[in-house]
Amino acid sequence: MSLLARTIDLLTRDPALRQVHVDVVGSAPPISADAEMLRIVFHNLLVNAAHAMRGEGAIQVGVTCADAVCQVTFTDTGPGIPAE
């Protein structure tokens, strides 16, 4: 199981966030990186998105790789940041 999948699994086990659905689109080959730092970053992004949606909604995680560069994006169905 990938680091991202394990982090998502932990999030979805939280009873307060059971109504949050996380979908991952794309994949990446194994990379050389600080796994603990990535886990912390992924966890924080997922929890922040879940809280912004008040524990209900969908988070889409996109993973793309090209030329030895991988990009991970997080999109949620929360209300967004007010213009003011």
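Values below: all heavy atoms of this structure, side chains included; hydrogens, waters and symmetry mates excluded.
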Legend entry - Any pair counted as disulfide bond (SG atoms under 2.5 Å apart), so long as it reaches residues 4-84, sequence neighbours left out: C65-C70
Inset, instruction - Work out which heavy atom in V63 is nearest to a heavy atom in A28; give both atom names and the distance. - result: CG1-CB, 3.7 Å
Legend entry - Pairs where residues 5-24 contributes a residue and the test ring-ring contact (aromatic ring centres under 6.0 Å, His included) is met, not counting sequence neighbours: none
Inset, instruction - May I ask whether L10 and L17 are part of the same hydrophobic cluster, defined by side-chain heavy atoms of I, L, V, M, F, W, Y residues being less than 4.5 angstrom apart, directly or through others? - result: no
Inset, instruction - Would you kindly confirm whether V20 and V25 end up in one hydrophobic cluster when ILVMFWY residues are joined by side chain heavy atoms under 4.5 Å apart? - result: no
Inset, instruction - Calculate, to the nearest 0.5 Å, the distance between atoms CG and CG belonging to D14 and L11 respectively. - result: 7.0 Å
Legend entry - Residue pairs involving residues 65-77 (criterion side chain to side chain donor-acceptor pair (under 3.5 Å); sequence neighbours excluded): none
Donor-acceptor contacts under 3.5 Å from residues 36-57 side chains, at least two apart:
{"unit_1": "E36", "atom_1": "OE1", "unit_2": "R39", "atom_2": "NE", "d": "3.3"}
{"unit_1": "E36", "atom_1": "OE2", "unit_2": "R39", "atom_2": "NE", "d": "3.4"}
{"unit_1": "E36", "atom_1": "OE2", "unit_2": "R39", "atom_2": "NH2", "d": "2.7"}
{"unit_1": "N44", "atom_1": "ND2", "unit_2": "I40", "atom_2": "O", "d": "3.4"}
{"unit_1": "N48", "atom_1": "ND2", "unit_2": "N44", "atom_2": "O", "d": "3.2"}

Legend entry - Test side-chain hydrogen bond (donor to acceptor under 3.5 Å, both in side chains) applied to R18 - qualifying residues, sequence neighbours left out: none
Inset, instruction - Start with the C-alpha gap between D23 and V61, add the side-chain angles, then the distance that decides, and say whether side-chain contact (heavy atoms from CB on, under 4.5 Å) holds. - result: CA-CA 6 Å; D23 187 34; V61 182; over 6 Å; no
Inset, instruction - Please say which of L3, I8, L4 ends up in a side-chain contact (heavy atoms from CB on, under 4.5 Å) with R6. - result: L3
